[in-house]
Amino acid sequence: MATVAGTLAQPTHTGVWSWITTVDHKRIGVLYGVSGFSFFLWGGLLALLMRTQLAVPNGTVIESDRFSQLFTMHALTMIFLAIMPMGAGFFNYMIPLMIGARDVAFPRLNALSYWTFLGGASILSLSFFFEAPGGGWFNYAPLSERPYSDGSGIDFYVVGLLTLGLSSLMAALNFAVTIINLRAPGMTMMRMPVFVWMTFVISVLLILALPPLTVGLIQLLFDRQFGTHFFIATEGGDPLLWQHIFWVFGHPEVYILILPAMGIVSEVLPTFSRKPLFGYPAVVFSGIAIAVLSWVVWSHHMFTTGMGSVPRAVFAVNTMIIGVPTGIKVFNWLATLYGGSIRFTTAMYFAVAFIATFTIGGISGVMHASPPVDSQHQDTYFVVAHLHYVLFGGAIMGIFAGIYYWFPKMTGRFLSEALGRWHFWLLFIGMNMTFFPMHFLGIAGMPRRIYTYDDGLDWGFWNMFATIGSYVIAVSLLIFLVNFFRSVRQEPTAEANPWNAPTLEWGTSSPPPEHDFDAIYTVRARDPLWYDRDHGIAPPEVTGEHIHMPPPSYYPILIAIGITLLGVGALSHLAVSALGGVIAYYGVWGWALEPTD
Amino acid sequence: MYDAAPFAAAAPRRLTVGVADGTGTGGWDWRASVAARVGTVAGAWEGTGVRARVAAPRRTPGRPRIRALRRGLVPLALVVLAVALLGCDAPMSTSEIEGSWNKEVWKPYWVIIWLAGIVFVAIMAATIVLSLMYRERPGREARQIHGNTKFEVVWTIIPVVIVLVMMVPTLDSLFKLDEEPPADALKVEVIGHQWWFEFRYPELDIVTANELHIPEGRVVDYALRSVDVIHSFWVPQLAGKVDMVPGRDNRMAFSALNARPEPYLGQCVEFCGTSHANMRFRVFVHTAEDFERWAREQAAPRVSSVSRTAEEAFLAAPCLGCHTVRGTNAAGIAGPNLTHVGSRTTIGSGMLENTPAELRRWIANSSAVKPGSKMPPMAQSAGGTLTDEQIDVIIGYLQSLK
Amino acid sequence: MAHAPAVAHGGGHTTSTGTENRKLLMWIFLGSECLFFGSLIATYLVFKHQVIERGIGPFPVDVTIDGVSHHGILDIPLTSTSTFVLLMSSVTMVLAVYGAQHARMKMMKLGLLATMVLGLTFLGFQVYEFRTFGHEGLNLTTNLFGATFFVLTGFHGTHVGVGVLYLGSMLAASFRRNGLGRDTGAHVEIAGLYWHFVDIVWIVIFTVLYLIP
Amino acid sequence: MAHSAEPMEQQHGLSPMQYLAIGAGLTLITIVELWVSYSGLGSLQIPLLLFLSAIKFAVVVGWFMHLRFDHRLLTQVFAASLTLAILITIVLLTLYWSADADSIRGYREWLASG
């Protein structure tokens with residue numbers, strides 16, 4: 001394929017300016033991925049510091065307030081700056097390719113999402129130079145209110161999350177429209193790859209879940225800056241309202257983090273088992289069911305706040321029901337292995353390990369769906385273990401599967417399989433060493449978010465064990481970095497479809513040309529490339545007609561700078577906000593009048 | 001990057017919290033801890049005969065199915081390990097059933113643990129077996145199966161059944177735990193402060209802090225409140241936790257099953273700021289008679305035998321702004337009530353033993369012991385107003401308040 | 001097949017569902033806005049009774065606490081007028097859309113202008129209302145009624161303001177040599193969707209805040 | 001095939017006079033609403049007001065926003081979001097109006113008692 005690249009090739013842009021002004025979904029995907037991975041390493045470093053402090057009882061490495069900032073920023077970094085953008089990196093790069101399109105529906109909006117993300121991420125991360133937020137990632141009121149958190153940390157939290165929320169909203173709108181409207185001829189909804197489906201579900205979740213968070217953040221901002229009392233009980237407000245609003249967002253958010261990994265695994269397992277995904281409709285509909293149910297379970301994060309028996313019973317039942325579609329997914333993945341001819345590449349190792357580790361997280365999740373049990377689990381290390389099995393054992397494992405799987409497509413080069421094995425096994429062992437003992441610690445009564453603990457509580461051994469595990473994870477990530485940098489320096493050797501995969505992204509050259517496809521595919525089945533291969537259908541003919549691609553634009557980054565300044569102004573001086581508003585408005589004006597054809 | 005020096009320099013010699021068998025004896029010996037732990041695990045393995053079964057297939061190597069089964073035992077071993085550890089008697093272990101609430105919790109808990117264990121083993125085994133059995137091998141093609149409705153139905157029903165089985169004991173326990181306490185229940189108000197617990201017995205006219213005393217076997221009706229941020233009330237061996245939310249009147253009721261000389265350990269479990277990790281408390285469970293005696297002593301005003309001059313020295317110090325000593329004009333409410341402080345075993349919300357030396361450290365500069373402590377430093381050397389001699393007198397006075 | 005590519009940027013406008021991308025985007029965005037205003041209205045309702053129970057006024061409606069009757073602060077005749085103004089702006093907006101879609105540029109420009117003027121009038125009413133409340137002792141910090149009321153109606157007002165800016169920019173651009181270009185109808189229609197949404201949000205707010213006692 | 005090649009912008013909708021008539025109708029409903037809110041109809045009042053505002057809402061969405069003439073997809077998108085918003089509001093209010101009110105009142109009384 002791409003044999004006639006010479007006639008079709010657009011002038012290739014290079015240099016920093018070309019990256020700043022790019023509206024190419026593949027480049028934006030790379031920007032998202034690289035930023036997300038950098039933040040992943042940064043968040044991991046914060047975790048290592050915490051594990052070092054907790055290795056022995058009465059540790060003296062980090063003092064109390066700094067420790068609070070570490071666990072808050074670790075969570076915020078991992079959730080909003082690492083897992084979500086790494087997911088977004090895959091959406092950006094892969095979705096147009098997988099649905100056989102030439103770009104997303106709104107290329108400039110896509111660039112704007114990225115630059116706004118970077119602005120929000122900078123606000124959040126640079127808080128370390130002033131005062132980082134230290135109220136935990138769900139930042140419960142009234143601890144987050146002025147009387148108890150007087151510094152600027154919580155303001156960084158509010159403004160950072162508002163900016164990041166805006167970025168996510170724009171990206172989600174873009175992908176929802178792209179998936180609904182830009183599918184290749186013949187690609188009905190029920191022929192879309194599962195990864196595309198999951199992206200669609202996530203986009204919908206984001207679009208609907210971010211507004212409640214925005215409202216909560218605005219109310220907190222008003223409380224802190226303008227003296228309202230939304231969450232201050234002594235003045236008539238209610239701290240639990242924050243929890244309700246936050247978890248109305250927060251629970252769908254959890255699925256926003258895990259569903260991309262489920263999508264990736266649903267691509268990797270069939271490719272390397274060399275057979276179609278087992279029960280495609282069941283996998284898709286259980287994904288949708290999980291998304292729908294995620295709206296009626298939020299109060300299970302609040303079982304211990306003194307809600308009445310009936311509400312707790314209702315939310316407990318709803319929560320347990322989520323176990324059903326999740327179980328269906330796991331069984332279908334396992335059935336995909338059955339009867340296959342499995343090729344164990346590194347990507348496949350990660351995908352299979354995902355099934356195992358995610359299942360552990362799923363099981364412990366169903367365990368504390370029971371309010372009496374949760375009264376013992378809540379806010380202990382058992383919950384820490386659970387959420388890390390879901391987010392590390394689930395999301396991160398899935399993302400690594402995706403990296404190894406799509407690396408040849410994105411770069412034209414292969415990651416070393418030998419180093420990949422080392423990376424996988426060390427990560428897998430380190431991950432289980434770190435997080436499995438946390439179940440024991442939770443049952444032994446260790447609360448989360450404590451910077452120190454007494455000797456004699458029997459928590460020392462497993463804490464040391466977990467700390468060693470966290471260093472094993474760190475070593476495995478170093479191996480991955482070596483692997484990555486070695487590979488990108490090699491000559492490109494990957495052909496269009498090195499894994500013999502069934503989906504459309506493998507139907508163009510590796511890496512794809514700027515216009516993605518020389519000719520648009522017509523989709524005839526759920527696994528189009530396999531169908532075409534088995535029925536002797538040749539790739540679509542290249543007609544040589546001119547393919548129009550949107551020109552680069554600097555307005556997205558300009559508007560993003562304006563939006564970021566708006567936020568910075570809220571933290572410093574309103575004049576900065578005003579300047580930001582003017583810049584953003586000027587950017588929108590220029591954007592609207594900029595010719596796109 | 002992190003300036004740990006000030007904290008490290010002031011690192012307190014923390015109170016060890018050993019219980020009956022006298023475990024926590026100072027410096028943490030991780031080697032001993034490992035050895036003990038390995039012993040427990042090995043014992044559990046011997047006990048279940050897992051080791052023998054692990055060894056058996058080794059003699060018949062070759063067929064992938066058998067090898068797969070052998071590897072399937074690893075997760076099983078993990079479950080055994082987990083169960084072995086549930087029994088371990090950590091002082092704050094949730095698996096020690098010492099209270100009526102915790103007893104109720106473990107009814108659904110056991111059902112759920114067993115179900116979780118079975119699902120865990122089944123899925124781990126399936127993952128490993130399928131991965132090994134269907135590795136690519138020359139001459140074998142993948143079977144192009146798209147799905148199977150019958151299977152889908154089956155594995156929709158399986159989780160539905162599991163969930164239903166979980167729901168029944170869960171809902172049963174949930175509603176039992178929320179039942180109204182009997183009319184003769186002992187009423188206790190628990191009030192969360194940053195970072196200490198206040199306990200009030202409205203019927204007995206007792207106000208104390210950080211050490212809760214309750215009678216054995218009698219239901220206690222707790223009213224959980226907070227004056228600042230959200231805290232959580234948790235004594236793992238007795239009961240699950242309920243949050244103390246400003247703006248809410250939260251209730252929980254349970255009884256302690258056994259009187260014993262060693263206290264049960266409790267801790268705040270909702271992140272509440274700087275010294276969240278140091279917000280601890282103790283629960284003493286007495287026999288009915290012992291509790292009566294304790295309550296009588298506590299309800300009395302401060303013991304009159306204390307020396308006049310010491311009391312005057314105390315009342316002349318800044319203490320009375322925040323602390324109450326009943327029978328004197330010290331009536332502050334920001335800090336713990338000190339009327340019977342001499343009878344407590346610990347100070348600083350369970351951080352330090354109640355000895356003259358520890359009291360001195362605490363009064364001199366409490367935030368050097370407990371970061372963020374709201375009590376300002378008192379010693380002149382730390383920027384306060386009291387001389388060492390004055391502090392000595394005050395310590396003597398406080399120790400006498402039995 | 002090859003001559004009917006699924007994606008064509010700029011002019012082509014062929015999509016999988018036949019719905020124009022930007023219009024779909026706006027509708028999904030409005031769906032998102034439903035949740036935004038839904039959360040604000042829910043907050044208002046959560047605190048509504050607590051405000052009266054707590055007994056620190058001013059109150060939205062007439063109440064009697066401990067034998068003392070308090071005058072409700074909401075001025076329904078005034079707000080009815082501003083509600084009418086906003087409703088009429090929806091009528092002028094739909095006429096502007098009609099003009100844009102039927103190449104009647106004068107009608108479109110007049111419609112946009114009228115909508116902006118009505119929108120600004122509505123904002124004027126709101127400023128007057130806020131100032132009056134301020135004089136009567138109700139501000140953001142007085143009680144939770146003040147906080148929820150000002151934040152909810154304030155954010156609605158901000159939406160109206162953004163809408164006026166949006167329509168104004170469009171009106172200004174329509175005076176350029178080639179106007180709003182070949183997509184005039186679509187551009188104005190999408191702006192209209194936004195404007196009508198702001199109107200329907202007010203329909204809900206008017207009923208829930210002002211009319212329901 | 002899901003792929004439709006029909007031209008995107010069909011001109012549909014009503015005539016200007018019809019729009020003006022709808023505007024007049026909306027004004028009329030608003031006047032009725034005002035009357036209802038002053039009438040003191042008791043328990044009927046709130047449902048009636050909600051019903052009337054729902055009609056106004058539906059008319060603006062259906063005709064002014066062209067949802068009646070547009071692709072069904074758009075209706076689905078909007079209806080789903082609206083339903084979710086209403087659902088969450090109802091759940092939240094149910095939570096607050098059930099046991100919570102007593103708990104909140106209890107705390108206030110406790111606080112007032114010092």
Side-chain angles (χ1 to χ4, degrees), chain A residues 96 99-103 105-107 109 169 172-174 176-178 180-185 187 204 207-212 214-216 218-219 222-223 226-230 235-238 241 244-245 248 519-520 522 540-543 545 547-550 585 588-589 592-593 596-597, chain C residues 1-12 14-26 28-29 31-40 42-43 46-47 50-51 53-54 56 139-148 150-151 154-155 165-166 169-170 172-173 176 180-181 187:
Chain A
I99 60 176
R102 292 225 155 92
D103 208 324
F106 304 97
L109 187 66
L169 179 66
L173 288 168
N174 203 346
V177 174
T178 303
I180 292 175
N181 259 356
L182 296 193
R183 282 164 287 135
M187 179 167 282
V204 173
I207 288 163
L208 299 174
L210 285 167
T214 307
V215 167
I218 287 170
Q219 288 168 343
F222 269 66
D223 273 8
F226 307 115
T228 56
H229 309 111
F230 284 103
E235 305 286 339
D238 182 16
L241 182 67
H244 282 298
I245 291 179
V248 165
I520 295 299
T522 297
E541 240 173 88
V542 181
T543 59
E545 75 174 315
I547 298 167
H548 176 80
M549 295 305 290
Y585 181 74
V588 173
W589 180 256
L593 299 183
T596 50
D597 19 318
Chain C
M1 246 103 24
H3 55 267
V7 193
H9 290 282
T14 319
T15 63
S16 308
T17 57
T19 311
E20 212 261 342
N21 285 341
R22 282 168 299 186
K23 196 160 151 186
L24 181 60
L25 179 91
M26 182 49 91
I28 301 178
F29 172 68
S32 177
E33 289 275 79
C34 284
L35 271 288
F36 180 81
F37 282 104
S39 307
L40 285 172
T43 308
V46 160
F47 284 124
Q50 295 181 31
V51 169
E53 269 189 23
R54 195 155 173 272
I56 297 176
N139 56 45
L140 269 175
T141 58
T142 317
N143 58 19
L144 262 299
F145 166 64
T148 49
F150 285 115
V151 170
F155 269 94
L165 200 64
Y166 187 177
S169 308
M170 203 163 271
R176 294 181 320 148
L180 294 175
H187 283 310

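Please read these numbers as outputs of a predicted model, since none were measured by experiment. Letters A, B, ... are given to chains in the order of the sequence lines, protein chains preceding strands, and every chain is numbered from 1.
Proximity to chain C involves both the backbone and the side chain of L208(A), based on heavy atoms less than 4.5 angstrom apart. Both the backbone and the side chain of L40(C) come within contact range of chain A, each with at least one heavy atom under 4.5 Å from a heavy atom of that chain. Interface remark: P212(A) contributes backbone and side-chain atoms alike to the contact with chain C (heavy atom separation under 4.5 Å). Proximity to chain C is limited to the side chain of L109(A), based on heavy atoms less than 4.5 angstrom apart. Heavy-atom distances place the side chain of I218(A), and not its backbone, under 4.5 Å from chain C. For a residue to count as touching a neighbouring chain, one of its non-hydrogen atoms must lie under 4.5 Å from one of that chain's; by this rule F29(C) touches chain A with backbone and side chain alike. With a 4.5 angstrom heavy-atom cutoff, T142(C) does not touch chain A via any of its atoms. For I207(A), the parts lying under 4.5 angstrom from a heavy atom of chain C are both the backbone and the side chain. Proximity to chain A (any heavy atom under 4.5 Å) is restricted, for F155(C), to the side chain, taken from C-beta onward. Looking at F226(A), both its backbone and its side chain come within 4.5 Å of chain C, counting heavy atoms on both sides. For D223(A), no part lies near chain C; criterion is any non-hydrogen pair under 4.5 Å.
The minimum heavy-atom distance between F36(C) and V215(A), with the atom names listed, is O-CG2, 3.4 Å. Across all non-hydrogen atoms, the minimal contact from L144(C) to H229(A) is CD2-O, 3.6 Å. In terms of heavy-atom proximity, I28(C) sits nearest to A176(A) at CD1-CB, 4.0 Å. Nearest heavy-atom pair, R183(A) versus S16(C), reported as atom, atom and distance to 0.1 Å: N-OG, 2.9 Å.
Put simply, of V588(A), L173(A), V248(A), L210(A), the one with the most heavy-atom pairs under 4.5 Å next to chain C is L173(A). Between chain A and the options A147(C), A173(C), A172(C), the largest number of non-hydrogen pairs under 4.5 Å is found for A147(C). Chain C forms more heavy-atom pairs under 4.5 Å with one residue of D238(A), L241(A), I180(A), T178(A) than with any other, namely I180(A).
For the pair Y585(A)/L165(C), a side-chain contact is recorded, criterion being any heavy-atom separation below 4.5 Å from C-beta on. Looking at heavy atoms from C-beta onward, L593(A) lies in side-chain contact with R176(C) at the 4.5 angstrom threshold.
We find the OG1-CG distance between T17(C) and L182(A) to be 9.0 Å, quoted to the nearest 0.5 Å. Interatomic distance, F222(A) CZ to L140(C) CG, rounded to the nearest 0.5 Å: 6.0 Å. To the nearest 0.5 Å, atoms CZ (R22(C)) and CG (N181(A)) are separated by 12.0 Å.
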